Number of protein chains: 2
Amino acid sequence: MTTRVLVVDDDAHILRAIRIHLTACGYAVRTAQTGRAALRAGAEEHPDLVLLDLGLPDLDGTAVITELRSWSTVPIIVLSARTDGADKINALDTGADDYLTKPFSMPELLARMRAAVRRSGSPTDRDTVVATLDFSIDLAAKKVTNRTGTQVHLTPTEWAILEILVRDRGALVSQRRLLSEIWGPAYRTETNYLRVYLAQLRRKLEPEPARPRYLITESGMGYRFQD
Amino acid sequence: MTTRVLVVDDDAHILRAIRIHLTACGYAVRTAQTGRAALRAGAEEHPDLVLLDLGLPDLDGTAVITELRSWSTVPIIVLSARTDGADKINALDTGADDYLTKPFSMPELLARMRAAVRRSGSPTDRDTVVATLDFSIDLAAKKVTNRTGTQVHLTPTEWAILEILVRDRGALVSQRRLLSEIWGPAYRTETNYLRVYLAQLRRKLEPEPARPRYLITESGMGYRFQD
DNA sequence: ATGACTCGTTATGAAGGCGTCAAGATCGGT
DNA sequence: ACCGATCTTGACGCCTTCATAACGAGTCAT
């Protein structure tokens with residue numbers, strides 16, 4: 001679930017510096033040095049975010065924005081050495097989401113990237129539906145639908161547990177984390193609660209509650225949601 | 001369809017200057033000089049955009065952002081005299097969409113406002129008419145029609161609740177969000193109100209008010225409009 | 001085999017949430 | 001000032017949900 005960033009700049013040094021920083025912060029980085037390469041990479045890889053320098057050798061920066069915007073709503077943050085106000089306004093009105101003037105501070109860029117990704121993530125509601133063979137879970141609508149199409153009713157606690165497990169689907173979630181997040185840190189040792197609620201969830205979701213396919217127990221460690 | 005902007009700043013001069021500029025550009029401007037007034041105005045008027053100064057007399061600016069973000073996704077642009085990088089990052093991570101340092105150029109602010117509104121605008125509006133087997137709701141005309149074709153009369157509060165539920169039809173809407181959007185953040189815990197009005201809506205809309213088909217209660221979490 | 005341990009399952013009293021009704025309070029128009 | 005519509009507020013009984021305990025099954029080391 002890493003965020004994929006397309007970085008476009010004609011200066012190989014800057015490109016390298018940004019790549020190192022972003023990779024260290026957990027982003028998957030793809031780079032392009034020309035406008036055409038940027039458009040190709042955008043179409044091929046559908047990045048979650050674009051960092052765009054306006055001073056490209058082949059195409060005007062605003063042309064890249066226009067072209068991208070003709071088919072995509074991916075957030076675009078412009079990085080530019082031009083301090084001219086008209087450039088800023090032009091880029092923003094063409095479809096850019098944000099505009100930073102070089103030199104900028106790396107922490108600020110990272111904060112603006114987080115803000116841009118956060119914005120683009122929620123309203124579109126794409127990744128919020130997790131479907132299996134037997135049921136599907138809509139995290140945004142807080143809705144679980146059966147294979148027959150009927151809705152499954154979950155209590156607040158059941159939903160809280162399922163939500164954590166599904167958000168980190170595939171990964172092992174420790175009992176401690178579940179208990180701390182739902183009941184509070186003081187209940188870290190009440191593993192009893194988890195057994196009760198996991199049983200209820202299995203009865204409601206699993207085709208064969210006695211032999212769980214999705215809500216897996218890792219004995220002594222925690223639980224895992226498996227697709 | 002003019003864009004309504006809430007401008008928050010403790011300095012009356014700046015407030016006045018911004019108001020004049022924005023009004024001249026076709027925005028509908030509402031102002032607030034304190035954090036509390038801002039939160040009240042936000043809940044009452046549902047602005048399309050918030051311009052927020054961080055240096056308020058009563059509340060910390062980030063507290064205002066947090067409170068707004070607990071129930072609203074309205075774009076927030078922070079205007080601040082603080083040039084400190086940490087403030088910027090903090091505000092952005094709390095939920096702000098953009099951050100401008102004073103003094104800023106008016107054209108740039110306007111361009112960033114256009115970008116923020118553009119982003120937030122379109123993805124939410126779906127069909128304005130929602131029809132079920134028993135009634136149909138016209139969100140644009142604010143009208144509800146019975147199966148027999150007669151119009152159902154709703155009070156303003158009833159309509160406000162129904163509108164929120166129908167706009168996010170299928171999704172669970174938390175009690176907190178309903179109360180914050182309609183009565184204001186201070187009424188977050190008055191779940192009593194919701195019970196009364198949901199009962200009234202059911203009596204007017206449901207074929208069998210005792211056994212709701214459309215206005216579903218999710219105990220402990222919120223309400224859902226089901227098609 | 002025994003005991004220690006973890007897990008799944010079920011049952012139950014208590015607490016809190018919910019629907020309902022009805023009586024004041026408030027507001028707006030005549 | 002009056003009246004109707006609307007909103008607030010409190011009280012009551014029902015129902016859902018929660019915490020908790022008890023018990024059986026499986027696993028592992030001794």
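It should be emphasised that the depicted structure is a prediction, and the values quoted were computed from it without experimental measurement. Proteins come first, then strands; the chains are lettered A, B, ... in the order of their sequence lines, and each starts at number 1.
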Note to self: Is the ring pair A:His46/A:Trp71 parallel, tilted or perpendicular, if the boundaries are 30 and 60 degrees?
What the structure shows: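 Aromatic pair A:His46/A:Trp71 classed perpendicular.
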Should the pair [X]-[Y] be classified as a salt bridge under the 4.0 Å nitrogen-to-oxygen rule?
X	Y	answer
B:Asp98	B:Lys88	no
A:Arg169	A:Asp227	no
B:Asp11	B:Arg16	no

Note to self: By the definition side-chain hydrogen bond (donor to acceptor under 3.5 Å, both in side chains), identify the one residue from B:Arg118, B:Arg112, B:Arg119 that meets it with A:Asp97.
What the structure shows: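 When side-chain hydrogen bond (donor to acceptor under 3.5 Å, both in side chains) is applied between A:Asp97 and each of B:Arg118, B:Arg112, B:Arg119, only B:Arg119 qualifies.
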I'd like a table of atom pairs between the protein and nucleotides 26-30 of chain C - only N or O on both sides, under 3.5 Å - with the distance next to each one.
none

Item checked: Distance flag, aromatic centroids of B:His153 and B:Trp159, threshold under 6.0 Å ->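 Between B:Trp159 and B:His153, the centre distance exceeds or equals 6.0 Å.
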Notebook entry, point to check: How close or far is atom P of D:dA19 from atom CG of A:Leu179, stated in whole angstroms?
Noted result: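 About 11 Å, once rounded to whole Å.
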For residues 209-216 of chain B, which side-chain N or O atoms pair as donor and acceptor with protein atoms under 3.5 Å away, sequence neighbours left out?
| unit_1 | atom_1 | unit_2 | atom_2 | d |
| --- | --- | --- | --- | --- |
| B:Arg211 | NH1 | B:Glu208 | OE2 | 3.4 |
| B:Tyr214 | OH | B:Asp134 | OD2 | 2.5 |

Margin query: Tell me the closest heavy-atom pair linking B:Leu79 and B:Ile18, and the distance in Å.
Written below: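 So the two residues come closest at CD1-CD1, 4.1 Å.
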Next item on the list: For residues B:Leu6 and B:Ala38, report the shortest heavy-atom separation together with the two atoms involved.
Entry: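 In this case the closest contact between B:Leu6 and B:Ala38 is CD2-O, 3.6 Å.
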Next item on the list: Decide whether A:Thr217 and A:Arg202 meet the rule of one side-chain donor and one side-chain acceptor closer than 3.5 Å.
Entry: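 Yes, side-chain donor-acceptor contact under 3.5 Å.
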Checklist line | Residues from residues 141-158 of chain A lying under 4.0 Å of DNA chain D - heavy atoms | finding: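 A:His153, A:Thr155, A:Pro156, A:Thr157, in order of number.
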Next item on the list: For DNA chain D, find the residues of residues 195-225 of chain A with a heavy-atom distance under 4.0 Å and give them by number; none if there aren't any.
Entry: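 Going residue by residue through residues 195-225 of chain A, the ones with a heavy atom under 4.0 Å of DNA chain D turn out to be A:Val196, A:Tyr197.
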Margin query: Quick check for you: to the nearest 0.5 Å, what is the distance between A:Glu206 atom CD and A:Phe135 atom CZ?
Written below: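 Reported to 0.5 Å precision, the distance equals 6.5 Å.
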Margin query: Let me test you: for the helix from C:dA1-D:dT30 to C:dT30-D:dA1, what is the angle between the axes at its two ends (five pairs each), rounded to 10 degrees?
Written below: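 So the angle between the two local helix axes works out to 30°.
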Notebook entry, point to check: Which of residues 183-194 of chain B have a heavy atom under 4.0 Å from DNA chain C?
Noted result: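 Result for residues 183-194 of chain B: none.
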Check: Would one find more than 12 heavy atoms of other residues, nucleotides or ligands at under 6.0 Å from atom CZ of B:Arg69?
Finding: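 Buried by this count: over 12 neighbours within 6.0 Å.
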